[in-house]
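Notes to accompany the following structure.
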Amino acid sequence: MQTFELTAPCHFGLEAVLKKEVYDLGYEITKVEDGKVTFIGDAQAICRANIFLRTAERVLLKVGSFHAVTYDELFEGIRALPWEIYLPKDAKFWVTKASSIRSKLFSPSDIQRIVKKAVVEKMKEYYDQEWFAETGAQYPIRIFLLKDEVTVTIDTTGESLHKRGYRTMSGLAPISETLAAALIKLTPWHADRILVDPFCGSGTFPIEAALMAANIAPGMNRDFTAQEWENMILKKIWYEASEEARDLAKPDLAVDIQGYDIDGDVIRIARENAKRAGVDHLIHFQKRSIQQLRHPKKYGFVITNPPYGERMEDKRDLPKLYEQIGEAYRNLDAWSLYIITGYEDTERFIGRNADKKRKIYNGMLKTNFYQFMGPKPPKRKKEVCMN
């Protein structure tokens with residue numbers, strides 16, 4: 001079976017999380033760079049990566065790469081690529097994105113125009129015709145230039161993978177689904193431990209945790225661009241990948257996942273989102289303030305994205321808010337606290353230094369993921385069977 005070089009972009013700083021996901025799917029990883037993981041896979045890999053990866057933004061199929069410092073070199077490099085392998089005669093293709101970093105060619109619109117023209121010329125040569133209706137399946141092309149090296153890809157995903165389909169409404173400054181999933185994966189939380197998000201907003205952290213606990217694939221209930229690529233991927237392969245996801249899902253389990261917010265309207269949105277995700281029965285949402293954060297059990301997790309003065313809070317109010325977070329955390333017995341925030345005085349007002357601090361970009365915002373780790377629960381004694 002034909003194999004491809006596939007690249008999965010992710011949030012900067014979270015490449016190791018995505019690398020483990022790809023490895024767990026069983027694919028050979030060839031390169032890990034800032035914000036992306038490259039691996040080798042066949043048509044089935046395209047389907048499974050789109051359906052199963054929780055922390056990737058999309059899955060790109062690499063067409064080729066070459067060096068170019070002039071538009072003539074760009075044109076000839078694009079025309080020399082084997083587009084006939086990927087684009088059928090009726091393909092609808094366009095350059096959906098062109099990015100350039102430290103390269104002599106830097107105008108996205110000019111790059112897009114030249115690439116489109118070069119692909120058309122190659123199609124003319126191969127199919128021996130002058131005009132293409134472009135009425136068939138979509139093949140969005142993405143071009144990346146880094147230090148004059150051109151990488152040419154086709155987007156297999158379409159709408160970004162963070163759009164799971166469950167969050168049709170959201171509160172202010174929501175965290176993306178892929179980032180929430182990656183941050184949860186950076187913690188030692190698992191389904192038999194308590195998880196509370198006291199600033200849950202539209203419910204992303206609790207919903208992503210519930211999807212993980214129930215082993216529900218994030219892309220199981222959405223469509224992808226490459227589903228229409230019948231010249232490369234048989235419908236049967238998509239069906240088999242979807243069936244695999246359905247077989248692995250275990251939605252009927254007992255978990256303790258909770259989401260609080262002081263805004264009752266936002267809580268209603270979170271409940272609706274959880275219902276669309278199929279995990280509303282696994283999460284308890286409640287209108288509650290941070291001062292009301294309490295739980296009788298030990299060894300739980302608080303994983304949250306509190307306000308930090310961007311678009312939604314006056315920074316003068318933040319010291320008091322973070323003091324309240326610290327006080328609520330100290331009143332929990334042997335819990336761990338994980339916070340993503342851009343507020344630089346987080347540790348000062350929480351009242352202790354984080355055990356670990358990781359730089360994360362939340363969109364264009366520079367943030368830190370503060371990790372205040374509680375003690376590990378005692379190991380359960382194994383029952384001894386007497387014969």
Side-chain angles (χ1 to χ4, degrees), residues 4-11 18 21-22 25 27 35-39 41-63 83 85-88 90-99 108 111-112 115-116 119 132-144 151-168 170 174 176-182 204 208 211 216-246 273 276-277 363:
F4 308 100
E5 190 171 356
L6 304 171
T7 297
C10 65
H11 284 270
L18 177 55
E21 275 204 283
V22 174
L25 280 180
Y27 299 114
K36 58 184 176 182
V37 175
T38 300
F39 59 102
D42 55 14
Q44 184 188 60
I46 294 173
C47 306
R48 295 181 74 238
N50 275 298
I51 291 172
F52 285 100
L53 291 179
R54 297 184 188 277
T55 64
E57 293 302 308
R58 58 185 67 250
V59 180
L60 305 175
L61 187 160
K62 183 178 177 181
V63 178
W83 291 102
I85 295 175
Y86 310 103
L87 303 183
D90 64 348
K92 181 179 181 180
F93 59 95
W94 71 102
V95 184
T96 184
K97 182 177 181 180
S99 67
I111 293 168
Q112 288 171 303
V115 170
K116 171 74 176 187
V119 177
F132 298 91
E134 298 194 39
T135 55
Q138 299 182 3
Y139 295 79
I141 299 168
R142 289 179 171 248
I143 306 292
F144 305 92
T151 301
V152 185
T153 68
I154 305 176
D155 180 12
T156 74
T157 302
E159 220 173 13
S160 173
L161 289 176
H162 83 266
K163 295 188 176 181
R164 319 282 205 220
Y166 64 74
R167 201 169 73 178
T168 58
S170 63
S176 79
E177 294 89 323
T178 47
L179 179 54
T204 309
E208 289 297 319
L211 290 171
I216 297 173
M220 194 165 69
N221 296 312
R222 56 158 288 177
D223 295 325
F224 307 99
T225 299
Q227 281 177 270
E228 303 303 317
W229 296 2
E230 294 187 37
N231 61 315
M232 293 171 57
I233 308 174
L234 298 176
K235 291 287 186 186
K236 176 187 175 185
I237 300 176
W238 282 105
Y239 176 79
E240 289 171 348
S242 297
E243 279 295 295
E244 179 188 2
R246 278 188 283 272
N273 290 342
R276 275 187 290 273

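Just so you know, residue 1 is the first one in the sequence shown, and it goes up from there. Everything numeric here is computed off the predicted structure, so don't read it as measured data. Heavy atoms only: backbone and side chains are in, while hydrogens, waters and symmetry mates are out.
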Query raised in the report: Within 45° of the six-membered ring axis of Y166 and under 6.0 Å from that ring's centre, is NZ or CZ of R164 located there?
Result: no
Requested in this report: Report yes or no: do D155 and T96 form a side-chain donor-acceptor pair below 3.5 Å?
Outcome: no
**Report entry** Atom pair NZ/OG1 of K163 and T157 - distance to nearest 0.5 Å
**Finding:** 13.0 Å
Query raised in the report: What are the two closest heavy atoms between L60 and P9, and how far apart are they?
Result: CD1-CG, 4.1 Å
Query - L25 side, atom CG; F39 side, atom CZ - distance, nearest 0.5 Å - result: 7.5 Å
Query raised in the report: Of the non-hydrogen atoms in A217 and A245, which two are nearest, and what is the gap between them?
Result: CB-CB, 3.9 Å
Query - Point-to-point distance, once rounded to the nearest 0.5 Å, from CD1 of I237 to CG of D42 - result: 7.0 Å
**Report entry** Test item: side-chain donor near acceptor, D90 and T135, under 3.5 Å
**Finding:** no
Query raised in the report: Testing R142, K97, R58 for side-chain contact (heavy atoms from CB on, under 4.5 Å) with T153, which one passes?
Result: R142
**Report entry** K116/E134 salt bridge by N-O under 4.0 Å criterion
**Finding:** yes
**Report entry** Beyond-backbone contact of E244 with I51, side-chain heavy atoms, under 4.5 angstrom
**Finding:** no
Requested in this report: Answer whether the closest heavy-atom distance between the side chains of V95 and I111 falls below 4.5 Å.
Outcome: no
Query raised in the report: Does the side chain of P140 come within less than 4.5 Å of W94's, by heavy atoms?
Result: yes
Query raised in the report: Is any side-chain heavy atom of W83 less than 4.5 Å from a side-chain heavy atom of V63?
Result: yes
Report summary line: Nearest heavy-atom approach of G158 to T225 is CA-OG1, 3.0 Å
Requested in this report: Would you indicate whether the side-chain heavy atoms of C10 and T178 approach each other to under 4.5 Å?
Outcome: no
Query raised in the report: Closest heavy-atom contact between L6 and L61?
Result: CD2-CA, 3.9 Å
Query - For K92 against G136, the heavy-atom pair lying closest together - result: CB-O, 4.0 Å
**Report entry** R222 side chain vs E159 backbone, donor-acceptor pair below 3.5 Å
**Finding:** yes
Return a table of donor-acceptor pairs under 3.5 angstrom between the side chains of residues 229-236 and protein atoms on other chains or two or more places apart.
unit_1: W229; atom_1: NE1; unit_2: Q138; atom_2: O; d: 2.8
unit_1: N231; atom_1: OD1; unit_2: Y139; atom_2: OH; d: 2.6
unit_1: N231; atom_1: ND2; unit_2: Y86; atom_2: O; d: 3.0
unit_1: K235; atom_1: NZ; unit_2: Q227; atom_2: O; d: 2.9

Query raised in the report: Between R54 and L211, which heavy-atom pair has the shortest distance, and what is it?
Result: NH2-O, 3.6 Å
Query raised in the report: Just how far is it from atom OG1 of T55 to atom CD of E57, taken to the nearest 0.5 Å?
Result: 8.5 Å
Query raised in the report: Do the side chains of E21 and L18 get nearer than 4.5 Å, heavy atoms only?
Result: yes
Query raised in the report: If you round to the nearest 0.5 Å, how far is CD of Q44 from CD1 of I46?
Result: 11.0 Å
Report summary line: CD1 (I216) and CG (N221) are apart, to the nearest 0.5 Å, by 8.5 Å
